[in-house]
2 protein chains.
Amino acid sequence: MKLSERKVLRKKEQILLSAINIINQKGYSGTTMEEVASELLMTKGSLYYYFKNKSDLMYQCHNFVLSQATKDLESILEDGGPVKDVLKKMIETHITYAIDEKETFNLIMEPKRFFNEEQLELVLKLRNHYEGLFDEIIQRGIEVDEFHAEEPKIARMIILGAMNWVQQWYRPEGRLSKEDLITLYSDYILKILE
Amino acid sequence: MKLSERKVLRKKEQILLSAINIINQKGYSGTTMEEVASELLMTKGSLYYYFKNKSDLMYQCHNFVLSQATKDLESILEDGGPVKDVLKKMIETHITYAIDEKETFNLIMEPKRFFNEEQLELVLKLRNHYEGLFDEIIQRGIEVDEFHAEEPKIARMIILGAMNWVQQWYRPEGRLSKEDLITLYSDYILKILE
DNA sequence: ACTTAATTTTAAACGTAAGTCAAAATTTAA
DNA sequence: TTAAATTTTGACTTACGTTTAAAATTAAGT
């Protein structure tokens with residue numbers, strides 16, 4: 001790889017990190033290309049040299065965060081251990097992302113609105129892979145007879161939905177600590193798989 | 001009430017119904033004031049005679065649909081019967097709205113992005129009321145010892161999240177019929193409350 | 001029916017933010 | 001040092017929400 005190519009990659013990553021910050025504060029619609037640019041002392045025109053358009057930039061931010069979450073889950077799965085413990089760790093990770101990276105983690109919410117067809121395909125692929133990691137642990141649990149589910153994929157959808165909804169109501173400054181929240185969710189989710 | 005006032009109300013409702021249709025097809029961002037207006041053979045300027053701005057219009061669409069859903073749930077609750085059956089009916093109603101009125105039912109998703117403070121307050125009030133209806137049936141169930149939940153409101157959040165997520169993946173043309181979906185969801189949700 | 005007042009609609013603006021582009025500036029490589 | 005490649009600029013276009021003053025229409029009183 002040429003020097004110049006590496007430079008472009010570095011710049012792209014700089015832009016991504018900066019954009020992720022702004023998006024997590026102001027949301028997708030609240031974030032302007034102008035603001036992302038000025039944060040890095042560029043003009044917005046330059047952004048279009050690195051990213052095709054706003055939704056491309058947003059897509060890559062989402063991708064960045066989701067890929068990181070994916071890696072986290074993969075390493076939890078690899079570490080192995082009792083299925084219930086593994087699932088609990090996965091739940092903890094997912095909920096933590098959902099809260100801490102609220103906006104970028106869940107651009108997920110309305111992918112069709114924001115992404116074009118090509119991006120959408122990639123998002124869905126990555127998302128399927130991510131969701132598949134939950135299927136994997138559920139499957140393991142079923143095999144060792146610790147989990148039971150008639151339609152495991154539906155159970156997984158229910159679990160994911162329950163966890164994602166956390167963003168809609170949870171406030172860190174509220175009555176429940178993040179730890180409490182995660183404990184409660186883990187317990188309820190395990191009941192689903194009983 | 002004067003004739004003119006009634007006329008305004010009728011017109012407002014016409015606009016709402018038309019807007020709800022467009023929003024459910026194209027989503028909030030995909031819907032332009034221009035399009036809503038032209039659907040009714042008006043110019044977009046006129047819309048601003050009836051609604052303060054776009055987010056006011058969208059808010060009222062959401063309100064309209066959510067109010068209808070609320071009435072449906074209230075009448076199910078009033079009818080009474082075995083708590084599990086009542087809850088199942090409520091689940092069916094909620095999921096049906098979530099699928100059929102996808103966009104307007106769940107402007108819910110990101111209320112802060114779209115609504116101003118005043119609207120937000122009203123939305124949250126209505127939403128709390130709506131959610132409270134689920135608390136009510138859960139409470140009934142606990143009292144007759146058919147449901148068990150340590151933190152019933154968290155259980156309710158989990159249930160709502162699970163149901164709302166349906167919009168993200170369910171396709172009527174897919175493998176599962178809406179009936180299958182609702183049956184599966186009901187069964188899983190009842191497990192949460194076991 | 002006629003006149004005046006109130007209501008409703010219009011069309012032409014404006015503001016903001018996304019996206020484009022040709023030229024200018026800078027960097028790289030020979 | 002110079003020519004080519006890369007990167008940045010800023011002015012322009014377009015789209016859409018929103019405002020506004022004036023025009024058109026409708027209602028009400030006599």
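The sequence lines fix the lettering, A, B, ..., with proteins before strands; numbering per chain opens at 1.
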Kindly write out the residues that satisfy ring-ring contact (aromatic ring centres under 6.0 Å, His included) with B/Tyr97, not counting sequence neighbours, or none if the list is empty.
->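 Partners of B/Tyr97 by the ring-ring contact (aromatic ring centres under 6.0 Å, His included) criterion, ordered by chain and then number, come out as B/Phe105.
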
With sequence neighbours left out, write down each residue that passes ring-ring contact (aromatic ring centres under 6.0 Å, His included) with A/Phe147, or none if nothing qualifies.
->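 Scan of A/Phe147 (ring-ring contact (aromatic ring centres under 6.0 Å, His included), adjacent residues dropped) gives none.
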
Qualifying side chain to side chain donor-acceptor pair (under 3.5 Å) pairs with a residue from residues 32-45 of chain A, counting only residues at least two apart or across chains | A/Lys26-A/Glu35

Any side chain to side chain donor-acceptor pair (under 3.5 Å) involving residues 83-92 of chain B? Give me the pairs, sequence neighbours left out, ordered by first then second residue.
-> none

Kindly list each side-chain donor-acceptor pair under 3.5 angstrom involving residues 151-159 of chain A, sequence neighbours excluded, with atom names and distances?
unit_1   : atom_1 : unit_2   : atom_2 : d
A/Glu151 : OE1    : B/Arg175 : NH2    : 3.1
A/Glu151 : OE2    : B/Arg175 : NH1    : 3.3
A/Arg156 : NE     : A/Asp135 : OD1    : 2.8
A/Arg156 : NE     : A/Asp135 : OD2    : 3.3
A/Arg156 : NH1    : A/Glu131 : OE1    : 3.2
A/Arg156 : NH2    : A/Asp135 : OD2    : 2.8

Any residue meeting side chain to side chain donor-acceptor pair (under 3.5 Å) with B/Tyr130, in chain and number order, not counting sequence neighbours = B/His94

Check residues 73-80 of chain B and write down every donor-acceptor pair under 3.5 Å in which the side-chain atom is one partner and the other belongs to a residue at least two apart or another chain.
unit_1  : atom_1 : unit_2   : atom_2 : d
B/Glu74 : OE2    : B/His129 : NE2    : 2.6

For atom [atom1] of [X] and atom [atom2] of [N], their distance in whole Å:
{"X": "A/Arg10", "N": "C/dT27", "atom1": "CZ", "atom2": "P", "result": "13 Å"}
{"X": "B/Asp56", "N": "D/dT18", "atom1": "CG", "atom2": "C1'", "result": "13 Å"}
{"X": "A/Met33", "N": "D/dT8", "atom1": "CE", "atom2": "P", "result": "14 Å"}
{"X": "A/Leu40", "N": "D/dT9", "atom1": "CG", "atom2": "P", "result": "12 Å"}
{"X": "B/Lys54", "N": "D/dA15", "atom1": "NZ", "atom2": "P", "result": "16 Å"}
{"X": "A/Leu9", "N": "D/dT6", "atom1": "CG", "atom2": "C1'", "result": "15 Å"}

Tell me which residues in residues 41-53 of chain A put a heavy atom below 4.0 Å from DNA chain D, sorted by number, or none.
->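 Only A/Met42, A/Thr43, A/Gly45, A/Ser46, A/Tyr49, A/Tyr50 qualify.
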
Residues touching DNA chain D, which here means a heavy atom under 4.0 Å, drawn from residues 12-20 of chain B |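 Contacts with DNA chain D under 4.0 Å: none.
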
Has the side chain of B/Asn164 got a donor or acceptor atom that lies under 3.5 Å from a matching backbone atom of B/Leu160?
->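 Yes.
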
